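Please read these numbers as outputs of a predicted model, since none were measured by experiment.
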Amino acid sequence: MKLITTLLGCSLLLGAASCSQMSSSPDYTTYVNPLIGTGGHGHTFPGAIVPNGMIQPSPDTRIYQWDACSGYYYADSTINGFSHTHLSGTGCGDYGDVLLMPTVGKQETHSMGSESQQMAYASGFSHANEVAVPGYYSVLLDRYGVKAELTATKRAAIHRYTFPESKEAGFILDFDYSLQRQKNEEMEIEVISDTEIRGHKKTVYWAFDQYINFYAKFSKPFTYTLLTDSVALDKGGKLLPTAKVLLHFNTKAGEEVLVKVGISAVDMEGAKGNVEAEIPEWDFEGVRKQAKDSWNKYLSKIDVETADKDQKTMFYTALYHTGVQPNLFTDADGRYLGMDLKAHQGDVNEPMYTIFSLWDTFRAYHPLMTIIDPDLNEVFIRSLIQKQREGGVLPMWELAGNYTGTMIGYHAVSVIADAYMKGYRNFDVDEAYKACLRVAEYDTTGIKCPPLVLPHLMPQAKYWKNKIGYVPCDKDNEAVAKALEYAYNDWCIAAMADSLGDIPNRDKYMKFAEGYKTYFDPSTRFMRGLDSKGAWRTPFSPRASTHRNDDYCEGTAWQWTWFVPHQVDGLVQLMGGREGFISKLDSLFTADSALEGDATSADISGLIGQYAHGNEPSHHITHLYNYVDQPWRTQQLVDSVLQTLYFNDPNGLSGNEDCGQMSAWYILNAMGFYQVCPGKPVYSIGRPLFDKVTVNLKGGKKFTVIAKNNSRAHKYIQSMTLNGKPLETPFFTHQDIVNGGTLEFVMGATPIKK
């Protein structure tokens, strides 16, 4: 570890940039509650951000374990400080870089022990003294009597701290701190003037090679103490490197001290450049207004009309949560860190993004983006294509320029195919198609990732699927879940191949798309593990779960049996036809919710029977009744999920938010429809929650959904028309949305049964 300190001169950079919003425009931010999902296991954070921004300044209330994934947990009563990188709703933890904490009095930095969630300098706080709105966060730190305020641009943050009178005021800038106590493999910190600090760090955790650089400038000159001695968290424990700067100054009563912080994955100069480009002055209120304006622009893509204030808050908070990630990854000078972990000179107008939780977001988040911002979705696709160009293969779960190999499937294929089939093709289609073919094959060559990641990024399941036509449960973990997702992914490839006129690959992958049939056991009527000798795995229980170490992935046979979104008719046939399918589907929602096993997956949550809305494999299932002429049952169940598993409350989500997926499901279904099979541009109609929804489309067109006679009791559709013409089936196309028009429902209290 390298630690440097010098003292140099500095100068203030002047000049301001802010954008204004017409005073007559609606203020959508008043309907957003960023605290939704910060309790339970939602794993969201309340910090001050802008849509898809690089930087996420937010309070950290705990350090490790599952509910520290975002750094903030609503039930906690102390704050460790404000770090600048956070993940939204993930089930794994990382980030929590560059922690800043204002202090008054003696600065405590001793270890609290490896089991403590608190740093020695942590402060108590009350939610009564906390404000969280889009683009702004504030809280009173009780221990120090300091009011903390945060706001941000895309690449930089500005803090404002109001101090009491003190001769012992200051800050602790804790650079060795991180969420989950990650390994600090490289650290360098420099005090470069009496108002400036910068640093470079590499951490090893979920992302094996996460690089973070920062630059911080203070509005008040300081003296400082640099802590660089290695310390042990516990007596006699392993010595860990330290990099903390203790800042000291005097303050008058009510004196405001501001701090500007920039980050970069490239280098410290990039972090400084991000601050200078986006926050040249000390205009906290100007930046705050600009952040609010950016959120109003994002949220204005959909207008809803309802008398239910909680539902309106839940809707716009959900829309807000879809704007948190992916995150911008290109500096103000156009540079970014590639998947090869090298700096690349790109174009600031063609930016790269990071945080692609594709196993989650292919289902609803990316389909939603094809409606509300197809251009940005194409930018995401171009980022994914560039990442495979630099790293050798399309990512599964990309984090900070790293392949993590987390989760299963190859769902970048789904995102690409869905956009392509909807006519959004502002990317190199030929290269994208070749990348889809590449990721579907078992080929470990030319992939730039750590050796421990490679077998997860390129699992042997692909080898077996391609070689013998199925994934034996004795040859790879989570074999059934992987195989079912591969069948869907391969269907996406077949759809693209057909459109591109590649008949051999169309036929090849369409055959693979029917691979789900192999795993259906007619004796139990569940998808079940099949070993390399062709025998069913025994013993078998459809409610058994061993988290990430069985034939399924964060689920059971009850949930995974239904993952055939691309060929629902084929699944109906496997179940014995329409009546058999309906009977089996009914049993999913009425079965006992109990799970079996000593290590059941905590992700199996939000249960209605054995339907688990808290995790993604179940998200399409309520709409399957539409395929067997029982739309009233879909309407009933969608209503149940909307009304009982989403709340205007910190514990308002039934599972991890998962980078916008849980919220995207809510948005689409609250509007009245859902896309069961991304790649097939068809929407299934559910239960519209609002009296009127208007989607403000690209080019000025509008798609409006009207629900007449709508109420909590009137959850069943009595009739439906599209642009004045009756809809005979509960489906419509993406082109119907793009064309603009009106989808109208008449609601009632009685189900319409055929």
Side-chain angles (χ1 to χ4, degrees), residues 37-38 40-45 56 58 60-73 83 85-97 117 177-185 202-212 265 321 324-327 329 353-363 365 395-409 411-412 449-450 452-457 459 477-478 481-482 485 545-549 552-555 599-605 614-617 653-663:
T38 59
H41 302 301
H43 297 177
T44 63
F45 63 87
Q56 305 91 32
S58 187
D60 289 353
T61 66
R62 56 175 54 198
I63 302 167
Y64 63 94
Q65 296 176 348
W66 198 38
D67 288 324
C69 285
S70 74
Y72 183 97
Y73 193 62
S83 64
T85 56
H86 293 90
L87 296 169
S88 180
T90 56
C92 295
D94 208 289
Y95 278 3
D97 299 303
Q117 296 278 19
Y177 169 95
S178 62
L179 297 174
Q180 311 296 334
R181 299 196 187 279
Q182 300 166 43
K183 179 183 178 182
N184 293 314
E185 196 165 87
K202 175 190 173 184
T203 59
V204 181
Y205 199 68
W206 186 10
F208 278 50
D209 298 285
Q210 190 228 328
Y211 290 94
I212 185 74
H321 279 143
V324 178
Q325 290 167 334
N327 298 136
F329 206 50
Y353 284 82
T354 187
I355 312 303
F356 286 98
S357 180
L358 296 171
W359 183 79
D360 306 290
T361 58
F362 87 85
R363 304 166 198 265
Y365 169 76
M396 295 166 62
W397 214 121
E398 183 270 346
L399 167 60
N402 283 237
Y403 289 115
T404 66
T406 301
M407 304 314 295
I408 62 173
H411 296 298
C449 72
L452 290 175
V453 171
L454 188 58
H456 302 280
L457 182 62
N477 188 38
E478 301 177 326
K482 286 176 179 175
E485 294 204 346
S545 167
T546 305
H547 181 64
R548 301 309 306 269
N549 194 30
Y552 306 95
C553 178
E554 297 183 356
T600 60
S601 178
D603 293 288
I604 306 172
S605 60
N615 209 24
E616 281 67 27
L653 298 174
S654 57
N656 300 159
E657 164 62 13
D658 285 322
C659 298
Q661 168 60 24
M662 192 71 73
S663 289

field: Intermediate values then yes/no, side chain to side chain contact (heavy atoms under 4.5 Å, CB included), Leu454 and Tyr403
entry: CA-CA 9 Å; Leu454 188 58; Tyr403 289 115; over 6 Å; no
* Going through the checks in order, is the side chain to side chain contact (heavy atoms under 4.5 Å, CB included) test met by Tyr95 and Leu399? -> CA-CA 10 Å; Tyr95 278 3; Leu399 167 60; 3.8 Å; yes
Discussion item. With side chain to side chain contact (heavy atoms under 4.5 Å, CB included) as the criterion, how do Asp94 and Gln182 come out once you've worked through the C-alpha distance, each side chain's angles and the decisive distance to 0.1 Å?
Written reply: CA-CA 8 Å; Asp94 208 289; Gln182 300 166 43; 3.3 Å; yes
Between Gln210 and Lys202, does the side chain to side chain contact (heavy atoms under 4.5 Å, CB included) criterion hold? Intermediate values first, please. CA-CA 5 Å; Gln210 190 228 328; Lys202 175 190 173 184; over 6 Å; no
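A donor-acceptor pair shorter than 3.5 Å can be found between the side chains of Glu398 and Thr354. A donor-acceptor pair shorter than 3.5 Å cannot be found between the side chains of Ser601 and Glu554. No hydrogens or angles considered: nothing links the side chains of Asn656 and Gln661 as a donor-acceptor pair under 3.5 Å. Using modelled atom types and a 3.5 Å distance limit, the side chains of Asp360 and Ser357 yield a donor-acceptor pair.
Residue Ser605 comes nearest to Gly655 through the heavy atom pair OG-CA, 3.8 Å, listed as atom of the first residue, atom of the second, then distance. Across all non-hydrogen atoms, the minimal contact from His321 to Ser663 is CB-OG, 3.5 Å. Across Cys659 and Ile355, no two heavy atoms sit closer than the pair SG-CG2, 4.0 Å. Between Cys553 and Ala481, the shortest heavy-atom contact is N-CB, 3.6 Å. Across all non-hydrogen atoms, the minimal contact from Pro326 to Phe356 is CG-CE2, 3.7 Å.
The aromatic rings of His411 and Phe362 sit parallel to each other, their planes meeting at less than 30°, with 60° as the upper class boundary.
When each of Ser83, Ser178, Ser70 is paired with Asp60, the side chain to side chain donor-acceptor pair (under 3.5 Å) condition holds for Ser83 and for no other. Screening Trp397, Tyr552, Trp359 against Ile408 for a side-chain contact (heavy atoms from CB on, under 4.5 Å) leaves a single residue, Trp359.
Applying the side chain to side chain contact (heavy atoms under 4.5 Å, CB included) test to Pro450 and every residue at least two apart in sequence or in another chain returns Phe208, Asp209, Val453.
Taking the six-membered ring wherever Trp is involved, the centroid distance between the rings of His86 and Phe45 falls below 6.0 Å.
Under the salt bridge (charged side-chain N to carboxylate O under 4.0 Å, His left out) criterion, no residue pair touches residues 64-73, with sequence neighbours excluded.
With hydrogens and angles disregarded, a donor-acceptor distance shorter than 3.5 Å links the side chain of Gln117 to the backbone of Ile63. Side chain of Gln325 to main chain of Ser88: a donor-acceptor pair is present (N/O by atom type, distance under 3.5 Å, no hydrogens or angles).
Between Arg363 and Glu616 there is no salt bridge, since no side-chain N of the basic residue sits under 4.0 Å from a carboxylate O of the acidic one.
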